[in-house]
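Data block below; observations after.
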Amino acid sequence: MSDETIYRYQAFFGRINYNWEKRFILNLTGRRDGSSRFGPGKQFATFGAVGAAWLFSKENFLKENTVFSFGKLRASYGSSGSDQIGDYQYLDTYTSSGLNYNGAIGLDPTRLYNPDFSWEINKKLEAALEMGLLSDRIFFTLAWYRNRSSNQLVGIPLPGTTGFSFINANLNATVQNMGLEFTLRTLNFESSNFKWTTNFNISASHNKLLSFPGLEGSTYSNRYVIGESTSIVKTYQLNGVNPQTGLYEVEDINKDGMITSLEDKKNIEDLTPKYFGGLENQFQYKNWQLDFLFQFVKQKNYDYSPSVPGGNFFNQHSDMSNAWQHAGDQVPFQMNTSGENGDAVNAYYNYLDSNASIVDASFIRLKNIALSYDLPQQAIKGVHCKISLLGQNVLTFTPYKGGDPEFKYTAYLPPLRIITVGVQLTF
């Protein structure tokens, strides 16, 4: 038995750069790409980009300025494509069934033919300001970007009656990612024995489904909403615990007396982080060096909730001790049940699918800290010795009560705290 995969890629591209007096820069790029991974007549696509920059710090009115040491405005717009979908994805493919019938081994179909399979297209627009102050002791970059992706290469779900779970195709939708990024580098203090530098960055991004023709009739109709983020989840609206029945109640949106996923899951929660970033400091004093990095994220996440109601033989939140027991109780958690009370079980699963399960999962984490010392050269002749102490995931500050707020899954435990002591010898 042998295996052979053939993949061919062809590209032609050209670039024109123009720099006028080291102040104005223009860049033009064009390319024609072809890939064997697409259907007949769909293998080739044309892409291009244009970029421009103005180094305003080179202008005469700033040449003698002692505050502004560097200044640059830049902008660009262009398109690119992707064929990162594996080989033969558009073809009918088969695999050996391994079953013998009348002396012959049969074949099972594994993929459907799609001759319209073609390039995924990404269009990117960006503008930025770069500026250095006081001989670049303070340097920052502020960038705005907008990326639009269309013809995404995905597996579109199919009804089980077709015999296939999905078909590889281009999704007829346009998704926009837009955001701001800010970076700052400062040299806070510098002398013959001591130096302190800081690096800070923060990003705020948001994506949005701009268009999706036929969304309501597609298999994604209960997953996406035009004008909303692609990271949303649809949930029930929890109204709390009924003080008389002791059960969770969710909003009956269409007032038909029944709670159904299709009609009543209308509350939208966006799990896209609002912003994230980091703060790094470095201190150097003679032979000593201290570095530490704080990571921060503002976001929502699923709360940790057991898959079975309170009262089962399963680990529960300590908060569940504040559960409903008697008529009239005003409590945040419904009655406990061993699973015999069907109404309580159904109410609990509605609770898991409600907005109550989406909580604040923002956090600040001391991601890395390192302390090192370089032994003086005369301590060990001919040998450079560096002693270091490093810590990872040292501290986390968060209101989140689940496992790890960084991941969108509640089953994960927090990352391991790692302490490392090292000695580095260089001969």
Side-chain angles (χ1 to χ4, degrees), residues 15-29 49-78 124-147 177-206 273-299 362-374 397:
R15 177 178 296 170
I16 298 175
N17 292 315
Y18 180 71
N19 190 324
W20 183 53
E21 296 185 347
K22 297 182 179 180
R23 288 185 295 159
F24 297 97
I25 301 170
L26 180 65
N27 180 289
L28 299 173
T29 303
V50 57
W54 174 36
L55 275 74
F56 59 85
S57 55
K58 298 287 186 179
E59 297 290 346
N60 292 329
F61 63 85
L62 284 177
K63 280 187 176 180
E64 303 301 324
N65 194 294
T66 58
V67 176
F68 293 96
S69 52
F70 181 82
K72 181 180 180 181
L73 280 170
R74 57 180 170 87
S76 62
Y77 178 78
K124 302 181 180 182
L125 174 65
E126 182 179 10
L129 168 66
E130 300 177 16
M131 186 171 289
L133 306 174
L134 304 175
S135 299
D136 290 351
R137 293 175 68 93
I138 301 174
F139 195 96
F140 70 86
T141 300
L142 177 63
W144 172 87
Y145 65 89
R146 189 198 70 190
N147 300 337
N177 290 279
M178 186 167 63
L180 283 171
E181 296 179 342
F182 177 76
T183 63
L184 173 67
R185 182 185 73 246
T186 61
L187 176 57
N188 305 313
F189 188 86
E190 185 176 29
S191 68
S192 58
N193 291 326
F194 181 72
K195 183 179 180 181
W196 172 24
T197 59
T198 298
N199 287 283
F200 173 78
N201 70 85
I202 185 170
S203 299
S205 60
H206 181 72
K274 289 187 176 180
Y275 59 83
F276 56 92
L279 175 65
E280 179 185 27
N281 278 277
Q282 183 181 89
F283 299 90
Q284 293 174 301
Y285 177 70
K286 294 184 177 179
N287 292 358
W288 291 91
Q289 180 169 314
L290 174 65
D291 300 83
F292 61 85
L293 169 65
F294 280 97
Q295 171 193 7
F296 59 89
V297 181
K298 176 66 175 178
Q299 65 176 2
S362 304
F363 68 91
I364 300 174
R365 174 171 290 158
L366 180 54
K367 190 71 175 179
N368 297 298
I369 185 169
L371 178 65
S372 63
Y373 178 71
D374 286 312
F397 306 94

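Because only heavy atoms are used, hydrogens play no part in the values below, and waters and symmetry mates are left out as well, while side chains stay in. Bear in mind that the values here come from a model prediction, so they are computed numbers and not experimental data.
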Exercise for the section: Using the six-membered ring wherever Trp is involved, compare the ring planes of Phe292 and Phe294 and label them parallel, tilted or perpendicular (cut-offs 30° and 60°). Expected result: perpendicular
For the student: nearest non-hydrogen atoms of [X] and [Y], plus distance:
X: Leu26; Y: Ala52; result: CD1-CB, 4.3 Å
X: Gln299; Y: Ser362; result: N-OG, 3.3 Å
X: Leu184; Y: Phe182; result: CB-CE2, 3.8 Å

Enter the distance from [X]:[atom1] to [Y]:[atom2] here, rounded to the nearest 0.5 Å.
X: Gln295; Y: Ile364; atom1: CD; atom2: CD1; answer: 10.5 Å
X: Lys124; Y: Glu126; atom1: NZ; atom2: CD; answer: 9.5 Å
X: Tyr285; Y: Leu290; atom1: OH; atom2: CG; answer: 14.5 Å
X: Phe363; Y: Phe397; atom1: CZ; atom2: CZ; answer: 12.5 Å
X: Gln289; Y: Lys195; atom1: CD; atom2: NZ; answer: 9.5 Å
X: Asn27; Y: Ile16; atom1: CG; atom2: CD1; answer: 9.5 Å

Problem - Asp374: side chain to side chain donor-acceptor pair (under 3.5 Å) partners, not counting sequence neighbours - result: His384
Problem - Any residue meeting side chain to side chain donor-acceptor pair (under 3.5 Å) with Ser372, in chain and number order, not counting sequence neighbours - result: none
Would you list the atom pairs, donor with acceptor, under 3.5 Å between side chains in residues 132-144 and any protein atom, with sequence neighbours excluded?
residue : atom : partner : partner atom : Å
Asp136  : OD1  : Ser69   : OG           : 2.7
Arg137  : NH2  : Leu187  : O            : 3.4

Practice task
Would you check if Asn147 and Tyr145 make a side-chain contact, meaning some heavy-atom pair closer than 4.5 Å?
Solution key: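 They are in contact (side-chain heavy atoms under 4.5 Å apart), so the answer is yes.
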Practice task
Please test Leu28 against Tyr18 for side chain to side chain contact (heavy atoms under 4.5 Å, CB included), starting from the C-alpha separation and ending with a verdict.
Solution key: CA-CA 9 Å; Leu28 299 173; Tyr18 180 71; over 6 Å; no
Show the atom names and distances, to 0.1 Å, of all donor-acceptor pairs under 3.5 Å that link a side chain in residues 197-206 to residues at least two apart or in another chain.
residue : atom : partner : partner atom : Å
Thr198  : OG1  : Asn188  : ND2          : 2.7
Thr198  : OG1  : Trp196  : NE1          : 3.4
Thr198  : OG1  : Asn281  : OD1          : 2.6

Exercise for the section: Identify, with sequence neighbours excluded, every residue that meets salt bridge (charged side-chain N to carboxylate O under 4.0 Å, His left out) alongside Glu130. Expected result: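 With neighbours one apart ignored, the set is Arg74.
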Problem - More than 12 heavy atoms from other groups under 6.0 Å of CZ on Phe283 - result: yes
Could you tabulate the donor-acceptor pairs under 3.5 Å formed by side-chain atoms of residues 54-62, not counting sequence neighbours?
residue : atom : partner : partner atom : Å
Trp54   : NE1  : Glu59   : OE2          : 2.9
Ser57   : OG   : Gly71   : N            : 3.1
Ser57   : OG   : Gly71   : O            : 3.4
Glu59   : OE1  : Arg23   : NH1          : 2.5
Glu59   : OE2  : Arg23   : NH1          : 3.0
Asn60   : OD1  : Lys63   : NZ           : 3.4

